[in-house]
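Below is one structure, written out as structure tokens; comments come after it.
Naming convention: chains lettered A, B, ... in sequence-line order (proteins, then strands); numbering from 1 in each chain. Just the heavy atoms: all of them, side chains too, but no hydrogens, waters or symmetry mates, feed the values below.
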Protein chains: 2
Amino acid sequence: MDSLLQRIDQEIVAIGGKRSRSRAQVIEVFFRTGTHVTVEELTHAVRKRNRSVGSATVYRTVKLLARLDYAKELDFGDGLKRYESNLEAHHDHLVCQECGAVFEFKEPRIETLQEQVAKQHGFFPTMHRLDIYGYCRKCAPGDKRNRDK
Amino acid sequence: MDSLLQRIDQEIVAIGGKRSRSRAQVIEVFFRTGTHVTVEELTHAVRKRNRSVGSATVYRTVKLLARLDYAKELDFGDGLKRYESNLEAHHDHLVCQECGAVFEFKEPRIETLQEQVAKQHGFFPTMHRLDIYGYCRKCAPGDKRNRDK
DNA sequence: AGTGAATTTGAAATTCATTATCATCATAGG
DNA sequence: CCTATGATGATAATGAATTTCAAATTCACT
């Protein structure tokens with residue numbers, strides 16, 4: 001964990017940046033925090049440690065992590081962006097439309113098919129996003145009345 | 001096409017709405033327009049016929065179509081929502097990060113795997129979104145220098 | 001055709017996440 | 001210790017999307 005922070009610090013220096021206390025705190029909390037965080041959530045978590053950190057810094061830091069490929073930007077269509085660590089292997093998401101819970105899954109066969117499809121279209125993929133929306137076990141509707149809310 | 005508009009009109013009446021000239025124009029242009037339109041594009045297209053249509057009406061109409069399941073809301077992560085007709089069979093998207101072109105594809109085997117995955121997690125899927133980002137044939141980079149822009 | 005209740009409209013105002021601005025502060029190299 | 005420059009945090013600005021509201025339109029009922 002510390003070595004991760006060091007590594008990131010080095011990369012920041014390498015692109016002409018300086019170290020800073022606030023940013024280091026944001027980064028550490030980000031990697032410790034559960035995944036799929038919104039900036040607001042992350043800001044709140046960081047402020048528990050250091051009340052003075054402004055949300056602009058959190059926005060900047062999380063964008064920086066995404067630029068350095070340590071974080072991935074997610075968007076589940078509810079109007080706010082979420083971020084997750086990009087250290088773990090690639091995975092996709094199951095998003096519950098009722099309670100907002102997000103589950104992760106891996107399915108290498110889907111990845112394979114995606115590459116095939118891209119190739120068929122003369123397309124050079126750099127990344128993809130697969131989100132499955134629906135109802136998790138807890139929120140599963142016995143009937144369909146929930147649907148239209 | 002006319003029967004489609006009639007059918008939609010009937011549904012609107014069924015949920016307590018009234019017919020209106022502007023909305024009918026928006027709906028017609030929407031179904032005639034190429035797919036993946038932004039609200040801005042659609043507004044512009046509608047105004048060619050009827051200068052007086054306001055963008056609020058376009059926003060409202062396209063939301064209404066989505067509610068009635070005639071349109072699908074898309075989001076390719078560039079900050080604006082896009083809409084496409086929901087009449088055609090389901091398909092997914094290849095999005096070029098360079099020129100913004102969007103290509104559609106169908107891959108039933110991916111759909112099947114998605115349902116398997118959902119079932120494995122006790123998840124009840126209602127829809128999904130698969131977007132593959134990368135470079136289309138035209139924008140394909142010979143080297144990797146394009147990547148970071 | 002006329003009336004009235006209800007919906008829709010377009011313009012403008014508002015909302016809200018995100019980004020930019022800017023004066024001040026912190027960092028790091030000399 | 002000095003200085004140049006990047007980073008910060010408060011605040012203002014941006015921009016897509018939504019809401020407000022008075023005026024216009026629709027439509028069921030005469």
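Side-chain contact between A/Tyr83 and A/Thr33: absent, with no pair of heavy atoms (C-beta onward) separated by less than 4.5 Å. Taking the side chain as every heavy atom from C-beta outward, B/Lys81 and B/Thr38 never approach each other to under 4.5 Å.
Atom-to-atom, CG of A/Leu42 to P of C/dA17 comes out at 15 Å; the value is rounded to the nearest Å. Atom CD1 of B/Ile27 is separated from atom C1' of C/dT9 by 14 Å (rounded to the nearest Å). When rounded to the nearest whole Å, the span between CG of A/Asp78 and P of D/dA16 equals 19 Å. To the nearest angstrom, C1' of C/dT8 lies 14 Å from CG of B/Asn50. As rounded to whole Å, 15 Å separates atom C1' of C/dT18 from atom CZ of A/Arg82.
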What N/O pairs connect the protein and nucleotides 13-15 of chain C at under 3.5 Å? Give each pair on its own line.
none

For a side chain to side chain contact (heavy atoms under 4.5 Å, CB included) check, start with the C-alpha distance between A/Glu84 and A/Glu104, then their side-chain angles and the critical distance, and finish with the verdict. CA-CA 11 Å; A/Glu84 70 177 16; A/Glu104 303 179 353; 4.0 Å; yes
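Judged as a ring pair (Phe, Tyr, Trp, His ring centres under 6.0 Å), the pairs with a partner in residues 17-53 of chain B (not counting sequence neighbours) are, in order, B/His36-B/His93. Residue pairs meeting the salt bridge (charged side-chain N to carboxylate O under 4.0 Å, His left out) criterion with at least one partner in residues 38-55 of chain B, sequence neighbours excluded, are B/Glu28-B/Arg49.
For B/Arg82, the salt bridge (Lys or Arg N to Asp or Glu O under 4.0 Å) partners at least two apart in sequence or on another chain are B/Asp78. Remark: B/Lys18 engages no residue in a side chain to side chain contact (heavy atoms under 4.5 Å, CB included) (not counting sequence neighbours). Every residue was checked against the salt bridge (Lys or Arg N to Asp or Glu O under 4.0 Å) condition with A/Arg60, not counting sequence neighbours, and none meets it. In terms of the side chain to side chain contact (heavy atoms under 4.5 Å, CB included) criterion, A/Lys119 has no residue partners (sequence neighbours excluded).
In this structure a side-chain-to-backbone donor-acceptor pair under 3.5 Å is missing from A/Asp75 to B/Gly77.
Once rounded to the nearest 0.5 Å, the distance linking CZ of A/Arg67 with CD1 of A/Ile15 reads 4.0 Å.
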Can I get a per-line list of side-chain donor-acceptor pairs under 3.5 Å for residues 4-14 of chain B, giving both atom names and the distance, sequence neighbours left out?
from, atom 1, to, atom 2, distance (Å)
B/Arg7, NH1, B/Tyr70, OH, 3.4
B/Glu11, OE2, B/Tyr70, OH, 2.5

Please list, one pair per line, the donor and acceptor atoms closer than 3.5 Å that link side chains of residues 109-117 of chain A to other protein atoms, with sequence neighbours excluded.
from, atom 1, to, atom 2, distance (Å)
A/Arg109, NE, A/Glu107, OE2, 3.1
A/Arg109, NH2, A/Glu107, OE1, 3.3
A/Glu111, OE1, A/His128, NE2, 3.4
A/Thr112, OG1, A/Pro108, O, 3.0
A/Gln114, OE1, A/His128, ND1, 2.9
A/Gln114, OE1, A/His128, NE2, 3.1

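Residue order along DNA chain D, read from the 5' end via each residue's closest nucleotide, puts A/Thr61 first among A/Thr61 and B/Leu80.
Of the residues in residues 52-60 of chain A, A/Ala56, A/Tyr59, A/Arg60 come within less than 4.0 Å of DNA chain C through at least one heavy atom, sorted by number. Near DNA chain D, defined here as any heavy-atom distance below 4.0 Å, the residues from residues 11-25 of chain A are A/Gly16, A/Gly17, A/Lys18, A/Ser20, A/Ser22, A/Arg23, listed numerically. Sorted by residue number, the members of residues 62-76 of chain A with any non-hydrogen atom under 4.0 Å from DNA chain C read A/Lys63.
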